2 protein chains.
Amino acid sequence: MATTGRRERLRAETTAEIKKVALGLMSSGGPDAITLRAIAREMGMTANAIYGYFATRDDLVTTLINDVYTSLADAVDAARDACPTDDPAGRIIAWATAFRDWALTNAEGFRLIYGDPVPGYQAPEGGAAPEAEHRVCAGLTGLAAGAWPQAKALFAEADFQWSDFDPGLAAEVREEFPGLPPAAVAIALRIWGHLHGLVSLEIYGHLRGQTPRPDKIYRAELTQLVRGLGLPA
Amino acid sequence: MATTGRRERLRAETTAEIKKVALGLMSSGGPDAITLRAIAREMGMTANAIYGYFATRDDLVTTLINDVYTSLADAVDAARDACPTDDPAGRIIAWATAFRDWALTNAEGFRLIYGDPVPGYQAPEGGAAPEAEHRVCAGLTGLAAGAWPQAKALFAEADFQWSDFDPGLAAEVREEFPGLPPAAVAIALRIWGHLHGLVSLEIYGHLRGQTPRPDKIYRAELTQLVRGLGLPA
DNA sequence: GTCGAAACTTCACGCCGTATAGTCACTGCA
DNA sequence: TGCAGTGACTATACGGCGTGAAGTTTCGAC
């Protein structure tokens, strides 16, 4: 019993070390630096040994994406939950600020999740990354739900149905926030787009040639965001 | 005279063919498919022959980025200018719609410009791509300038200085739109972020798991955008 | 007609992912 | 205690990649 446990433990440790080394390589050399040979070199193994733990390099990358995406989702959720629910504007700002902060301190991770992760990589259909993505979207919808009492007057004519959204996401939202209309989900997706766009431009260096103060732009964005939802600053 | 011209003409033709083949490979296989060897194969040459035209693969990629980015800037400028200047909302919507349309029909080009273009690629400091980027920003600022008479009341307390922006961009804007305050440039950058974010999420497939109707989200975004600027729909 | 430069090929090196076959230690059972 | 089985790992190999050095061909200029 304990002996089979030993094998499994060693195996889990090696798997963890592979991921740790891969993340280290990524943060120093970008997503492209994740090569089986480099990982193996760092670990004193042959590249082929890694095939015992991950069927292919893309499998490893997929696992890393899952981990990194989960860490992002954890970070923004924690920041949001540190703010009381009766302060919807504060929660939105906390969430969005944590999003940018996480992206700046984990720039390579951001590129891994949202960019072309690695040459030729094709994301698989299911898995934990789509789940983390759902979590992010659902979290944002929660923020929109918190703001909805004040916001709904501003989006009265919005023409959205539940069929305009992924069935799983729609079901999740309708269960957690009964009475919330589909227009609120559209708002959540739009907010996601706004924040993702600004952070993405910054991370990929496209803002560098335009402004030395991307933080100020982002802060202005947040101010207008809560105002656009009819919330007091 | 004409004979030296011949060499140069052949050289220009070959250069153009390399770029054309590279763009073809990109649109069929993504930015990663741009390999010197594949280009050479397609052209019936050896990979090393390309070194006579481009010092390195990154040089070729840089040139392609410039070309593609310029085509994007042309497309959005043309769409905007097809709308009369006395219809600022129409111009904004035309610009933004052209932006998404271009991105969807040139998805690989979008990834080339805004993503990790190619393993290990590092963008050079100067060049035509930053110039095209400036052009996009300046164009957007022009849209903001058109909307400013109605919008300024909504952004009265915005706290931006010209020093918050790149000197070149600031100079360009101040010359072209005298009297326009720096807050308008901030609005332009934020709009860029909004649109870029939504399109980027769509192109990279992150919206796929949330909504089957990204177009509808985008249209709602445009509606709220012009409304948020105080313009009539 | 000859010279020199430009265009291009050949060969080589070290990267990469990965398939196949083989080695070796450790585990579980008799 | 000895022996099979299994899982971890290595060795070797293939094709593809960017790129450097050296050699060859082509062709305009004088």
Side-chain angles (χ1 to χ4, degrees), chain A residues 1-19 21-22 25-26 28-64 112 116-124, chain B residues 1-19 21-22 25-26 28-64 112 116-124:
Chain A
M1 292 296 116
T3 45
T4 60
R6 192 179 110 86
R7 280 233 183 162
E8 280 169 19
R9 205 187 61 236
L10 286 175
R11 186 177 176 77
E13 276 170 13
T14 308
T15 307
E17 190 185 352
I18 291 173
K19 296 205 284 185
V21 169
L25 286 168
M26 182 189 73
S28 62
D32 305 327
I34 305 174
T35 70
L36 298 185
R37 292 179 123 103
I39 295 168
R41 221 177 292 130
E42 198 113 340
M43 294 177 67
M45 299 166 64
T46 10
N48 275 344
I50 299 178
Y51 281 88
Y53 299 89
F54 298 94
T56 174
R57 193 207 44 165
D58 278 12
D59 267 32
L60 170 58
V61 171
T62 301
T63 306
L64 294 177
L112 181 72
D116 285 318
V118 117
Y121 175 81
Q122 271 294 350
Chain B
M1 290 297 117
T3 45
T4 61
R6 191 180 113 84
R7 280 238 181 156
E8 281 169 18
R9 205 188 61 238
L10 285 175
R11 187 178 176 77
E13 276 170 12
T14 307
T15 307
E17 191 185 351
I18 291 173
K19 296 205 283 185
V21 170
L25 286 168
M26 181 188 75
S28 62
D32 305 328
I34 306 174
T35 70
L36 297 185
R37 292 179 125 104
I39 295 167
R41 221 178 291 128
E42 198 111 342
M43 293 177 68
M45 299 166 65
T46 27
N48 276 342
I50 300 178
Y51 281 88
Y53 299 88
F54 297 94
T56 173
R57 193 207 45 164
D58 278 13
D59 267 33
L60 170 58
V61 172
T62 301
T63 306
L64 294 177
L112 182 72
D116 285 320
V118 119
Y121 174 81
Q122 271 294 350

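All figures in this text were calculated on a predicted structure; none of them were measured in a lab.
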Between atom [atom1] in [X] and atom [atom2] in [N], what is the gap in whole Å?
| X | N | atom1 | atom2 | value |
| --- | --- | --- | --- | --- |
| A/Arg9 | D/dG7 | CZ | C1' | 16 Å |
| B/Ile50 | C/dT9 | CD1 | C1' | 13 Å |
| B/Met45 | C/dT9 | CE | C1' | 10 Å |
| B/Leu36 | D/dG18 | CG | C1' | 7 Å |
| B/Ile18 | C/dA7 | CD1 | P | 11 Å |
| B/Glu13 | C/dA7 | CD | P | 13 Å |
| B/Ile39 | D/dT19 | CD1 | P | 11 Å |
| A/Arg57 | D/dG16 | CZ | C1' | 13 Å |

- prompt: When the nearest nucleotide of DNA chain D is assigned to A/Gly44 and to B/Tyr51 on a heavy-atom basis, which residue is associated with the more 5' position?
  reply: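 Nearest nucleotide further toward 5': that of A/Gly44.
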Nearest 0.5 Å please: distance from the [atom1] atom of [X] over to the [atom2] atom of [Y].
| X | Y | atom1 | atom2 | value |
| --- | --- | --- | --- | --- |
| B/Asp32 | A/Asp32 | CG | CG | 8.5 Å |
| B/Met45 | B/Met43 | CE | CE | 5.0 Å |
| A/Met26 | A/Lys19 | CE | NZ | 12.5 Å |
| B/Glu13 | B/Arg9 | CD | CZ | 5.5 Å |
| A/Leu64 | A/Ile18 | CG | CD1 | 10.0 Å |

Measure from the side chain of [X], starting at C-beta and using heavy atoms only, and say which of [options] lies closest.
| X | options | result |
| --- | --- | --- |
| A/Arg37 | D/dT12, C/dG17, D/dA21 | C/dG17 |
| B/Arg41 | D/dT19, D/dC17, D/dC9 | D/dC17 |
| A/Thr35 | C/dT18, C/dC16, D/dT10 | C/dC16 |
| B/Asn48 | D/dG18, C/dT10, D/dT10 | C/dT10 |
| A/Ala49 | C/dC16, D/dT10, C/dT18 | D/dT10 |
| A/Arg11 | C/dG17, C/dC11, D/dA8 | D/dA8 |
| A/Ala38 | D/dG18, C/dT9, C/dC16 | C/dC16 |

If only side-chain N and O atoms of [X] are considered, is one of them under 4.0 Å from the OP1 or OP2 phosphate oxygen of [N]?
| X | N | value |
| --- | --- | --- |
| A/Thr46 | D/dC9 | no |
| A/Tyr53 | D/dC9 | yes |
| A/Thr56 | C/dG17 | no |

